[in-house]
2 protein chains.
Amino acid sequence: MAVTDEAIEKIKSMIVSGALRPGDRLPKESELAADLGLSRNSLREAVRALSLIRILDVRQGDGTYVTSLDPQLLLEALSFVVDFHRDDTVLEFLAVRRILEPAATAMAASRISEQQLDALTAQLDRLGDTPSVEDLVACDLEFHRGIVHGSGNSVLCSLLDGLSGPTTRARIWRGLTQEDAVARTLREHRAILAALRDRDAEAARSWATVHIASVEQWLRSTL
Amino acid sequence: MAVTDEAIEKIKSMIVSGALRPGDRLPKESELAADLGLSRNSLREAVRALSLIRILDVRQGDGTYVTSLDPQLLLEALSFVVDFHRDDTVLEFLAVRRILEPAATAMAASRISEQQLDALTAQLDRLGDTPSVEDLVACDLEFHRGIVHGSGNSVLCSLLDGLSGPTTRARIWRGLTQEDAVARTLREHRAILAALRDRDAEAARSWATVHIASVEQWLRSTL
DNA sequence: GCGTTCAAGACCTCCGACGTATCAGGTCAT
DNA sequence: ATGACCTGATACGTCGGAGGTCTTGAACGC
């Protein structure tokens, strides 16, 4: 195994074992390189790799730190990876989202707070009845993010966030080509929100399913 | 933005735009560095980072290639990230798995082939009635992997693979401390398999839920 | 035809130097 | 005494070059 890969593993094990904890500062590059028995250049490759996936946070002039290691932060790297997938796998991502999102929405029905519901309502009100497609899609993302956040599961939240990215382009495309897509999306958002206010998990789940299924169906008929 | 980060973005965009396709070979380090306007050292940091998340495949003495970019391969990097999570978030991972796995099992009920079912049966038969805990957990992973593979969604498959990793230790621990865990697991596996053979999606979904919920319940009571 | 040898090509590792950003401490004016 | 400002130390950022190691494929000999 290459020395850089060894260094990656060693740093990883230092964190997993607890020798390095979230927020801790690593020894400076030259020292750490000497400790691990490799050159500073090779160590930098390891640090850069771990930095890309948000394990380490490198600050020029200051030092290198272990990130908070929050699921949210780490799964953020997922969206970077997901960006590489081509359109022919969008349907598979959407299928997974179709499983997760209704479940998350149902969970939110019992856990989301009144304040969060008010915030979602205000967000929909701000958008108005005839928003631009770009605004709608941005709002759509934010809306679902808010609901999933209300589920109380940060892993679920981050995962859906990562999965929603690649379908964004598709949704914009849909908004531009399908006449009633905008109005329908707004209606469904209101319906989901109403179900959440009623604390009706099954209704919320069903509306979320309908919401995603309509996108999926359109996408399937288009490709 | 640092030159290395720029290089990462440029290589990424070359792949996303289609200028570099899966399996393509990159120019050699010195040339690519010159093209992108940075030093070989800095370029190597970018390549190493993209290599960690399986975007690039670097072969000493040969060259650097774009990987197949299969969802399976890219999401494999997920397990690397998941390894960093501490035990207190295992429950959140398990909750996500509890959503996905029953859905995947239900999907498999209609899509899995007879050959795959036979292979799963043979696998359970091989294990016998009183396997070691390690063998059981390994078989457990393989069993669920086989079923999820039968769902026909490779994204779902890879995602569950990544999520199942962190709970593996917990399952071993459970097998060692809870008397009837082994027998119960075997019974539930047989029940899931029987439901799949019957092409009974709802039964398969329910058994999968039960299967995971029992682990979740035990874990919740233990922590 | 087949196995071996060898040289070219490409990545691997290291070194030393200099550039740049951050932070802490001291200085000085208010 | 307090605040802004300057400055040095520190640590990361970038670079160019020099060998080393591995893979590949062609040339060679059997």
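Residue numbers start from 1 in every chain, and the chains themselves are labelled A, B, ... in the order their sequence lines are given, proteins ahead of strands.
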K.L.:
Does A:Arg40 have any side chain to side chain donor-acceptor pair (under 3.5 Å) partners at least two apart in sequence or in another chain, and if so, which?
P.N.:
A:Glu29
K.L.:
Please identify each residue that fulfils side chain to side chain donor-acceptor pair (under 3.5 Å) with A:Asp70, with sequence neighbours left out.
P.N.:
A:Ser68
K.L.:
According to side chain to side chain donor-acceptor pair (under 3.5 Å), who are the partners of A:Ser132, at least two apart in sequence or on a separate chain?
P.N.:
A:Asp135
K.L.:
Let me check something: any side-chain donor-acceptor pairs from residues 117-128 of chain A under 3.5 Å, sequence neighbours excluded? List them with distances.
P.N.:
residue  : atom : partner  : partner atom : Å
A:Asp118 : OD1  : A:Arg197 : NH2          : 2.9
A:Thr121 : OG1  : A:Leu117 : O            : 2.9
A:Thr121 : OG1  : A:Arg197 : NH2          : 3.0
A:Gln123 : NE2  : A:Cys139 : O            : 3.2
A:Asp125 : OD1  : A:Arg190 : NH1          : 3.2
A:Asp125 : OD1  : A:Arg190 : NH2          : 2.9

K.L.:
Between the axis at one end of the helix from C:dG1-D:dC30 to C:dT30-D:dA1 and the axis at the other (five pairs apiece), what's the angle to 10 degrees?
P.N.:
0°
K.L.:
Can you list everything that forms a ring pair (Phe, Tyr, Trp, His ring centres under 6.0 Å) with B:His149? Sequence neighbours excluded, please.
P.N.:
none
K.L.:
Under the ring-ring contact (aromatic ring centres under 6.0 Å, His included) rule, what pairs show up with a residue in residues 64-83 of chain A, not counting sequence neighbours?
P.N.:
A:Phe80-A:Phe84
K.L.:
Donor-acceptor pairs are to be reported for all side-chain atoms of residues 31-39 of chain A against protein atoms at under 3.5 Å, with residues two or more places apart or in another chain.
P.N.:
residue : atom : partner : partner atom : Å
A:Ser39 : OG   : A:Ser42 : N            : 3.2
A:Ser39 : OG   : A:Ser42 : OG           : 3.3

K.L.:
Which atoms of nucleotides 9-13 of chain C (N or O only) lie under 3.5 Å from a protein N or O atom, and what are those distances?
P.N.:
residue : atom : partner : partner atom : Å
C:dG9   : N2   : B:Gly61 : O            : 3.2
C:dA10  : OP2  : B:Lys28 : NZ           : 3.1
C:dC11  : OP1  : B:Thr64 : OG1          : 3.4
C:dC11  : OP2  : B:Glu29 : N            : 2.9
C:dC12  : OP2  : B:Arg44 : NH1          : 2.5
C:dC12  : OP2  : B:Arg44 : NH2          : 3.3
C:dC12  : N4   : B:Arg40 : NH2          : 3.0
C:dT13  : OP1  : A:Val3  : N            : 2.7
C:dT13  : O4   : B:Arg40 : NH2          : 2.7

